[in-house]
Amino acid sequence: MKTLYLDLSMGAAGDMLTAALLELFDDRKAVLEGLRALGVPGVEFAALPSQKCGITGTHMSVLVSGEEESEALHADAHHDHGHHHPHRHLSDVEAIINGLHAPKKVLSDADAVYRLIAEAESAVHGESVSEIHFHEVGTLDAIADVTAVCYLLHLLSPDKIVASPVHVGSGTVRCAHGVLPVPAPATALLLTGIPTYGGEIGGELCTPTGAALLKYFVDAFVPQPVMAVEKIGYGMGKKDFPRANCVRAFLGQTADAQGDRVWELQCNLDDMTPEAMAFAAERLLSSGVLDVFLTPILMKKGRPGTLLTVLCRPEDRERIVKEVFRHTTTLGVRMTEKTRATLERRETTESTPLGPVRQK
């Protein structure tokens with residue numbers, strides 16, 4: 001299985017992800033020309049050699065009318081130079097994206113990423129999605145970063161994308177709204193449900209753009225799987241830290257197993273009859289869970305009991321917990337997120353001298 005693994009031990013930003021993915025291509029010049037041909041208004045992509053802590057990689061420079069737009073915006077916030085930078089609505093960003101010269105899949109992916117950002121900003125600022133003004137994430141270089149990552153992933157077409165837990169950094173960050181804690185509120189909201197950590201490095205390591213791209217594209221956040229690595233890309237950030245400030249991208253082959261996340265729900269039962277527990281298990285199975293099983297256990301004071309275990313998909317967890325409470329006498333449910341690997345399953349019918357035989 002063609003697998004892309006992202007090492008996010010120094011966080012993630014749109015330009016770092018773009019540079020790391022670009023390094024995975026043999027003909028980088030041709031791919032870079034493809035990025036330029038997207039037609040983001042006034043934007044120029046440049047892949048520059050960069051070195052961090054003795055490691056060589058690529059820094060993706062995105063210039064808007066000859067300057068880095070986000071940096072100019074930050075300078076205005078610091079010094080009030082009086083420059084005007086448009087604060088775009090989601091509809092403005094969507095109009096720019098849908099006017100680009102790119103495959104429909106790339107445009108729809110970029111639209112979806114920006115909708116994630118808009119929903120997070122909406123929740124943080126208490127405004128509707130249509131009213132939200134994008135500041136840093138609405139600049140043309142940010143739009144270029146998002147579209148570039150969508151375009152490069154479209155070209156790579158991995159079967160699966162997995163990543164490490166995300167290092168978010170620590171301290172504060174200055175933005176158009178003022179000084180905010182790291183991770184910034186919208187970034188923190190985008191990263192809900194994703195394993196993160198901070199404290200090692202002072203500064204913002206994961207940007208809202210990076211968080212939204214990870215949220216949208218990554219299938220699982222787990223340690224690097226067993227894989228035969230074929231190519232490695234280093235996408236360098238702008239700042240220097242005691243550790244190499246880069247995103248590493250590993251492209252290679254993993255075993256033909258399907259890996260996904262499931263929730264394991266468990267409770268101990270000692271006051272239900274076997275018939276009632278069998279009925280509860282039957283009802284849970286009919287509710288769309290992945291598996292239900294009952295295990296004999298020994299509880300306090302030597303009392304015999306039963307451990308009910310239910311496996312379900314992440315999107316079904318809250319509904320299935322309610323079903324457990326409805327059909328059992330438990331007062332609490334323990335919940336643990338698990339990662340599983342499953343083989344691809346199929347059913348066929350084989351011809352034999354004794355007639356057709358169905359096999360799984």
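Worth knowing before you read on, the calculation uses all heavy atoms, side chains too, and leaves out hydrogens, waters and symmetry mates. Treat the numbers as computed from the prediction; the structure is a model and nothing was measured.
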Visitor: Main chain of Leu251, side chain of Glu230: is a donor-acceptor contact present, judged purely on distance under 3.5 Å?
Guide: no

Visitor: Counting distance only, does the side-chain N/O of Ser164 pair as donor-acceptor with the main-chain N or O of Leu8 below 3.5 Å?
Guide: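 Yes: the side chain of Ser164 pairs with the backbone of Leu8.
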
Visitor: Checking Lys52 side chain against Asn245 main chain: does a donor-acceptor pair fall under 3.5 Å?
Guide: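 Looks like no, no N/O pair under 3.5 Å.
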
Visitor: To the nearest 0.5 Å, what is the distance between CD1 on Ile96 and CG on Leu140?
Guide: 5.0 Å

Visitor: Could you tell me whether a side-chain N or O of Thr192 sits under 3.5 Å from a main-chain N or O of Leu189, the two making a donor and an acceptor?
Guide: yes

Visitor: Any pair with a residue in residues 186-210 that passes ring-ring contact (aromatic ring centres under 6.0 Å, His included), sequence neighbours left out, goes on the list, sorted by first then second residue, please.
Guide: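 Matches after skipping sequence neighbours: His167-Tyr197.
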
Visitor: Within the 4.5 Å heavy-atom criterion, are Leu191 and Val168 side-chain neighbours or not?
Guide: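 In contact.
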
Visitor: Decide, yes or no, whether a salt bridge links Asp109 with Lys105 under the criterion of side-chain N to carboxylate O below 4.0 Å.
Guide: yes

Visitor: Give a yes or no on whether a salt bridge exists between Asp219 and Arg261, defined as a side-chain N under 4.0 angstrom from a carboxylate O.
Guide: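 Judged by the 4.0 Å cut-off on N to carboxylate O distance, Asp219 and Arg261 do not form a salt bridge.
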
Visitor: Are Asp159 and Lys2 close enough for a salt bridge, meaning some N to O gap below 4.0 Å?
Guide: no

Visitor: Quickly, which of Leu35, Leu24, Thr147, Leu17 forms a side-chain contact (heavy atoms from CB on, under 4.5 Å) with Leu152? Name it, please.
Guide: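 With Leu152 as partner, Leu35, Leu24, Thr147, Leu17 yield a single side-chain contact (heavy atoms from CB on, under 4.5 Å), made by Leu35.
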
Visitor: Same cluster for Leu4 and Phe25 if Ile/Leu/Val/Met/Phe/Trp/Tyr side chains link at under 4.5 Å?
Guide: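 Leu4 clusters together with Phe25.
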
Visitor: According to the ring-ring contact (aromatic ring centres under 6.0 Å, His included) rule, which pairs have a member within residues 211-254, sequence neighbours left out?
Guide: none

Visitor: With distance as the sole criterion, is a donor-acceptor pair present between the side chains of Asp271 and Thr329 under 3.5 Å?
Guide: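 Yes - a donor-acceptor pair under 3.5 Å links their side chains.
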
Visitor: Any donor-acceptor pair under 3.5 Å linking the side chain of Ser108 with the backbone of Lys104?
Guide: yes

Visitor: Classify the side-chain pair Glu264/Thr336 by whether it contains a donor and acceptor separated by less than 3.5 Å.
Guide: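 Judged by distance alone, the side chains do not pair up.
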
Visitor: Verify the cluster assignment for Met272 and Leu307: are they in a single hydrophobic cluster under the rule of side-chain heavy atoms below 4.5 Å apart?
Guide: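 No; tracing contacts between hydrophobic side chains, which count when under 4.5 Å, never links both residues.
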
Visitor: Can you confirm whether Asn268 sits close enough to Met299 that some side-chain heavy atom of one is under 4.5 Å from a side-chain heavy atom of the other?
Guide: yes

Visitor: Under a 3.5 Å distance rule, please check whether Arg36 uses its side chain to pair with a backbone N or O of Phe45 as donor and acceptor.
Guide: yes

Visitor: Out of curiosity, does Leu156 fall in the hydrophobic cluster containing Val162 (side-chain heavy atoms, cut-off under 4.5 Å, transitive links)?
Guide: no

Visitor: Do Met227 and Val247 sit in one hydrophobic cluster, given that two such residues count as connected whenever their side-chain heavy atoms are within less than 4.5 Å of each other, even indirectly?
Guide: no

Visitor: Quick one: do Leu205 and Ile55 end up in the same hydrophobic cluster if we chain Ile, Leu, Val, Met, Phe, Trp and Tyr together by side-chain heavy atoms under 4.5 Å apart?
Guide: no

Visitor: How long is the straight-line distance from CD1 of Ile143 back to CD of Glu94, given to the nearest 0.5 Å?
Guide: 10.5 Å

Visitor: For Ala47, is there any backbone N or O sitting under 3.5 Å from a side-chain donor or acceptor partner on Arg28?
Guide: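 Side chain of Arg28 to backbone of Ala47, a donor-acceptor pair under 3.5 Å: no, none is there.
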
Visitor: Tell me if a side-chain donor or acceptor on Thr3 pairs with a main-chain N or O of Met1 at a distance below 3.5 Å.
Guide: yes

Visitor: Quick check: are there more than 12 heavy atoms from other residues, nucleotides or ligands sitting under 6.0 Å from CZ of Arg283?
Guide: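 Atom CZ in Arg283 is not crowded, with 12 or fewer foreign heavy atoms closer than 6.0 Å.
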
